[in-house]
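One structure is given below, encoded as structure tokens.
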Amino acid sequence: MNVPAGQLDLPLCVSSGQVFRWDKFADSHWLGVDGTNWFRVAIAGSDCFEVESNADESAFSSLFRLDWNAEVVERQLVGNGPELVPYLSALKGLRVMRSSDAGETLFCFLCTPNNHISRIGSMVRKLASFGDVMEVIDGVAVHRFPSAERIAAIHEQELRDLGFGYRGATIPRVAKQILANQKGWLESLKEGSYQDAHDELAALHGVGPKLADCIALFALDHGEAVPIDTHIWQALTRLYFPEWAGSALTGAKYRAAGDHFRSRFGALSGWAQQHLFYDNVLHGREARRAVKSGQKVTR
């Protein structure tokens, strides 16, 4: 596949906290899973990707949202928020991905609270191992993510023994809640409003506002969602709410910050958020030092 230079940085996308089922092999080869699809990708250049898959080209394009022109998106964002220029420029090729399986994405994000990316990846691999093997590639068994029915049947202690901690209780319980809803309930949340989806997700056990926003953005394609964790809160207080810097993120502030972002960027809020979030993951410490020393922070 040929993609215009600067439009897709695959390692950046799959390592930026949006997905957790991608692993790097030697020589710029990546192996990833999305729903019923697996992709073995060799990066042949800045604009060329050699893709081996059980799916067609459209599945890869949809996953990385290649139907969206990143340059057009960036122009729209900068038109409404010139302050985003350094963040968008520093992370060229970072795109908001579009999962094909909302259930898989939801359960992956249930592994994320109070966790870091490397441990989340380990937990997701363990949870995925409860699913059937689709293929063995380079000696690696590629699993279809288990269904909600299968996850609901996992005993809490089994997950705790695998290192899931309190999530060992949360994950099967949420699976049972999903099964108790009308068939197709989760996928149906794509069709309604962002707010309705957020409210219904937040009613699930262990799902607070931030996790509901993650699921709404990455599983249900609601671009208005703005997940606010420590990293994005630090970025938002530097850029938009300096009076809140160093203060706790309350429910009222969470709503106000998200609403402010949505009023500026609308359905592109999630795209802007992802750049601010990952830039802070990479550079937040130096930005905080600069603020403390009274220096002007440009990104």
Flag yes if [X] and [Y] sit in one hydrophobic cluster, no otherwise; membership is Ile, Leu, Val, Met, Phe, Trp, Tyr, and two members link when side-chain heavy atoms are under 4.5 Å apart.
{"X": "Val78", "Y": "Tyr87", "result": "yes"}
{"X": "Leu91", "Y": "Val14", "result": "no"}
{"X": "Leu186", "Y": "Val19", "result": "no"}
{"X": "Leu276", "Y": "Val85", "result": "yes"}

Distance check, rounded to the nearest 0.5 Å: [X] atom [atom1] versus [Y] atom [atom2]?
{"X": "Leu31", "Y": "Phe39", "atom1": "CG", "atom2": "CZ", "answer": "10.5 Å"}
{"X": "Ile151", "Y": "Ile178", "atom1": "CD1", "atom2": "CD1", "answer": "8.0 Å"}
{"X": "Thr105", "Y": "Phe218", "atom1": "OG1", "atom2": "CZ", "answer": "10.0 Å"}
{"X": "Leu220", "Y": "Glu191", "atom1": "CG", "atom2": "CD", "answer": "10.0 Å"}
{"X": "Leu236", "Y": "Asn280", "atom1": "CG", "atom2": "CG", "answer": "9.5 Å"}
{"X": "Leu77", "Y": "Phe265", "atom1": "CG", "atom2": "CZ", "answer": "6.5 Å"}

Any side-chain donor-acceptor pair under 3.5 Å between [X] and [Y]?
{"X": "Tyr254", "Y": "Asp213", "answer": "yes"}
{"X": "Asn80", "Y": "Gln76", "answer": "no"}
{"X": "Ser99", "Y": "Glu104", "answer": "no"}
{"X": "Asp199", "Y": "Gln195", "answer": "yes"}
{"X": "Lys24", "Y": "Ser15", "answer": "no"}
{"X": "Trp185", "Y": "Glu200", "answer": "yes"}

Subject >> Min side-chain heavy-atom separation Gln274-Arg95 under 4.5 Å >> reply: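 The answer is no; the side chains never approach within 4.5 Å.
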Subject >> Check: Phe241 and His260 side chains under 4.5 Å, non-hydrogen atoms >> reply: yes
Original post:
What residue among Asn37, Asp101, Asp132 forms side chain to side chain donor-acceptor pair (under 3.5 Å) with Arg144?
Top reply: Asp101
Subject >> By salt bridge (charged side-chain N to carboxylate O under 4.0 Å, His left out) - contacts of Lys190 (at least two apart) >> reply: Glu187
Original post:
Sequence neighbours excluded, which residues qualify as salt bridge (charged side-chain N to carboxylate O under 4.0 Å, His left out) partners of Arg173?
Top reply: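 For Arg173 there are no salt bridge (charged side-chain N to carboxylate O under 4.0 Å, His left out) partners, ignoring immediate neighbours.
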Subject >> Worked verdict on Asp9 versus Leu94 for side-chain contact (heavy atoms from CB on, under 4.5 Å) >> reply: CA-CA 6 Å; Asp9 186 323; Leu94 175 61; over 6 Å; no
**OP:** Decide side-chain hydrogen bond (donor to acceptor under 3.5 Å, both in side chains) for Asn115 and Thr112; before the verdict, give the C-alpha distance in whole Å, the side-chain angles of both, and the deciding distance to 0.1 Å.
**Re:** CA-CA 5 Å; Asn115 221 339; Thr112 64; over 6 Å; no
Original post:
Should Phe164 and Glu156 be marked as a side-chain contact (heavy atoms from CB on, under 4.5 Å) after you check the CA-CA gap, both sets of side-chain angles, and the distance that decides it?
Top reply: CA-CA 9 Å; Phe164 281 72; Glu156 173 186 342; over 6 Å; no
**OP:** Check the angle between the aromatic planes of Phe277 and His231 and answer parallel, tilted or perpendicular using the 30° and 60° thresholds.
**Re:**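 Ring orientation of Phe277 relative to His231: perpendicular.
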**OP:** On the 0 to 90° scale, with breaks at 30° and 60°, tag the Phe145-Phe107 ring pair as parallel, tilted or perpendicular.
**Re:**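 If you compare the ring of Phe145 with that of Phe107, the planes turn out parallel.
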Subject >> Those residues that, when tested against Trp22, pass ring-ring contact (aromatic ring centres under 6.0 Å, His included) (two or more places apart) >> reply: Phe64
**OP:** May I have the step-by-step check of ring pair (Phe, Tyr, Trp, His ring centres under 6.0 Å) for Phe130 and His143, ending in yes or no?
**Re:** CA-CA 8 Å; Phe130 287 91; His143 292 261; 9.4 Å; no
Subject >> Electrostatic pair Glu50:Arg40 at N-O distance under 4.0 angstrom >> reply: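 Looking at Arg40 together with Glu50, the answer is no, because their closest N to O distance does not fall below 4.0 Å.
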**OP:** Determine, using ring centers only, whether Phe20 and Phe109 are less than 6.0 Å apart.
**Re:**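 Yes - the distance between ring centres of Phe109 and Phe20 falls below the 6.0 Å cut-off.
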Strictly distance-based, threshold 3.5 Å: is any side-chain N or O of [X] a donor or acceptor partner for the main-chain N or O of [Y]?
{"X": "Lys92", "Y": "Gln7", "value": "no"}
{"X": "His222", "Y": "Ala225", "value": "no"}
{"X": "Ser53", "Y": "Trp38", "value": "yes"}

**OP:** Check the surroundings of atom CD in Glu57: do more than 12 heavy atoms from other residues, nucleotides or ligands lie under 6.0 Å from it?
**Re:**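 No, the 6.0 Å shell around CD holds no more than 12 heavy atoms from other groups.
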Original post:
Hey, is NE2 on His155 packed in by over 12 heavy atoms from elsewhere, all under 6.0 Å?
Top reply: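 Counting other residues, nucleotides and ligands, NE2 of His155 stays at 12 neighbours or fewer.
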**OP:** Begin with the C-alpha distance, continue with both residues' side-chain angles, and end with the deciding distance and a verdict on side-chain contact (heavy atoms from CB on, under 4.5 Å) for Leu249 and Ile228.
**Re:** CA-CA 9 Å; Leu249 176 58; Ile228 302 178; 3.6 Å; yes
Original post:
Can you check side-chain contact (heavy atoms from CB on, under 4.5 Å) on Leu110 and Val207, steps first, answer last?
Top reply: CA-CA 8 Å; Leu110 287 177; Val207 176; 3.9 Å; yes
